[in-house]
Number of protein chains: 2
Amino acid sequence: MKLSTRSRYGLKAVIDLAIAYGAGPVSLPVLAGSQGISEGYLEQLLRELKKGNVVDTVRGAQGGYELTCDPAELSVQRVLNLLEGSTAIVDCVGTLHHNCTSACSCSARPLFLKLQTRINDVLARTTIRELADDYVQQKARGIPCKNICEKA
Amino acid sequence: MKLSTRSRYGLKAVIDLAIAYGAGPVSLPVLAGSQGISEGYLEQLLRELKKGNVVDTVRGAQGGYELTCDPAELSVQRVLNLLEGSTAIVDCVGTLHHNCTSACSCSARPLFLKLQTRINDVLARTTIRELADDYVQQKARGIPCKNICEKA
DNA sequence: TAAAATCCCTAGTAAATTAGTTGTCTTACG
DNA sequence: CGTAAGACAACTAATTTACTAGGGATTTTA
């Protein structure tokens, strides 16, 4: 059930781009530096997002990445689908072809369907803009860290 | 985001045990045969469930596995937590210790928390009894397979 | 009491996935 | 032209997943 680092890194990069939306492209070194990860790895993720038409690129000096649309119009679902390949928890409830020959007689399928519906609901309703706004506001208010960062 | 086969096999085995609840233990060969998987593999999963006190065992001939409690009192969450180790989508929203040092300044954390809440909600509210009942009824009515099993 | 049916446990392994790294090429700005 | 950027492919290392193998312990039953 874990979300891959691909998804986590990629999603955060998209949020960074949302914050910079309208202010010109952001370069890979800046995006990677913001998360402290390698440029090579993040580049792969951004390329997937470009293929999916979520980001656009500007080559050459002063170039970089930028969102193709307003963050308010961009759902988390769309982003994660590109990064993760699919957001289905089991193949037999995904939108694409599946290869479970016993889906109809599967005792756990009702659960899977219910779970998937709830997950899709959150992912489809949540926009990148919301996440970016939350983040900016949180930073502005300087909310202190309470018990969250403690290691066990 | 995928659920492992551990979870799928293990969960289905628990549903099988729920259907047989009160009628004596069910042996490993029967449980494994029901899903067409190897006994050795399923045994590992059942052992985890035993450790977690979800199933009990009876050794020797006519022995097998049985649920320790009424399926109506058994949540899917408890079962999956044992099989999957944790049902957290990212470590920083799990109940156990996590090692993300920047959880407090993480731009995607609000999403993760919301998602996890919805997932936990479904998992905690859904009982094994419900799944078993659904399954038994579906079988009894002989609902035909509509478009679900077609391969793409 | 011996044989058969069960669960118990550890260790190993093969395949797949994840998480990267490296290096070369292309494009554009100044 | 030189430098700052992205584009792309290929390779690798580490981890996780999904098993398999095989012997041991316990209980029933003939």
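Since the structure is predicted, the reported quantities are computational estimates derived from the model, not experimental observations. Each chain gets a letter, A, B and so on, in the order its sequence line appears, and its residues count up from 1.
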Report summary line: With the side chain defined as heavy atoms from C-beta on, A:Y41 is closest, among C:dT21, D:dC19, D:dA7, to C:dT21
Requested in this report: Compute the bend angle of the helix from C:dT1-D:dA30 to C:dG30-D:dC1 from the end axes (five pairs per end), rounded to 10°.
Outcome: 10°
**Report entry** First encountered from the 5' end of DNA chain C, between A:V58 and A:G40
**Finding:** A:G40
Report summary line: On a heavy-atom basis, the closest approach of B:L17 and B:Y65 is CD2-O, 3.4 Å
Query raised in the report: Rounded to whole angstrom units, what separation is found between the CD atom of A:Q62 and the C1' atom of C:dT27?
Result: 14 Å
Query raised in the report: B:S4 side chain N/O closer than 4.0 Å to the phosphate oxygens (OP1, OP2) of D:dT17?
Result: no
Query - Pairwise side-chain contact, B:E66 with B:V26, heavy-atom cut-off 4.5 Å (strictly under) - result: no
Report summary line: Between CG of A:D91 and P of C:dT17 the distance, given in whole Å, is 10 Å
Requested in this report: Establish whether the base of C:dT10 is bridged to the side chain of B:Q44 by a donor-acceptor pair shorter than 3.5 Å.
Outcome: no
Query - Which nucleotide in D:dA18, D:dT20, D:dG6 has an atom nearest any side-chain atom of B:T5 - result: D:dA18
Requested in this report: May I ask you to say what A:R47 touches in the nucleic acid, namely base, sugar-phosphate or nothing, with a heavy-atom cut-off under 4.0 Å?
Outcome: base
Query raised in the report: B:E84 has an atom CD; how far is it from atom C1' of D:dA18, in whole Å?
Result: 13 Å
Report task. Look at the side chain of A:R59 and the base of C:dT26, then say whether one donor and one acceptor between them are separated by less than 3.5 Å. Result -> yes
Query - Residue pair B:Q77 / B:T87, side-chain donor-acceptor N/O under 3.5 Å - result: no
Requested in this report: Return the value, rounded to whole Å, for the distance between atom CD of A:E39 and atom P of D:dG6.
Outcome: 8 Å
Would you give me the side-chain donor-acceptor pairs under 3.5 Å for residues 55-63 of chain B, sequence neighbours excluded?
unit_1, atom_1, unit_2, atom_2, d
B:T57, OG1, B:K50, NZ, 2.9

Query raised in the report: Which of the following nucleotides, D:dT20, C:dC7, D:dA7, is nearest to the side chain of B:T57?
Result: C:dC7
Query raised in the report: Which nucleotide in the set D:dG6, C:dA19, C:dC8 lies at the smallest distance from any side-chain heavy atom of A:R6?
Result: C:dA19
**Report entry** B:N120 side chain to B:Q116 side chain, donor-acceptor N/O pair below 3.5 angstrom
**Finding:** yes
**Report entry** Nearest-angstrom distance from the residue atom CG of A:L42 to C1' of C:dT22
**Finding:** 17 Å
Query raised in the report: Among C:dC7, D:dA4, D:dA18, which is the nearest nucleotide to the side chain of B:S27?
Result: C:dC7
Report task. For A:P29, answer base if it contacts any base atom (sugar-phosphate contacts may also be present), sugar-phosphate if it contacts only those atoms, and nothing otherwise; contact means non-hydrogen atoms under 4.0 Å. Result -> sugar-phosphate
Report task. Using atom CG of B:L83 as one end and atom C1' of D:dT16 as the other, report the distance to the nearest whole Å. Result -> 16 Å
**Report entry** Nearest atoms (heavy-atom pairs only) where B:R78 meets B:G52
**Finding:** NH2-O, 3.4 Å
Query - C:dC7 OP1/OP2 closer than 4.0 Å to side-chain N/O of B:K50 - result: no
Query raised in the report: To the nearest angstrom, how far is B:L45 atom CG from D:dT17 atom C1'?
Result: 12 Å
Query - Side chain proximity check, B:R8 to B:L83, heavy atoms < 4.5 angstrom - result: no
Query raised in the report: Whole-Å distance between C:dC8 C1' and B:L46 CG?
Result: 12 Å
Query raised in the report: Under 4.0 Å: is that the gap between some side-chain N or O of A:K51 and OP1 or OP2 of D:dA7?
Result: no
Query raised in the report: Is any side-chain N or O of A:E43 under 3.5 Å from a base N or O of D:dC8, one able to act as donor and the other as acceptor?
Result: yes
Query raised in the report: Any salt bridge between A:D16 and A:K12, counting N to O under 4.0 Å?
Result: no
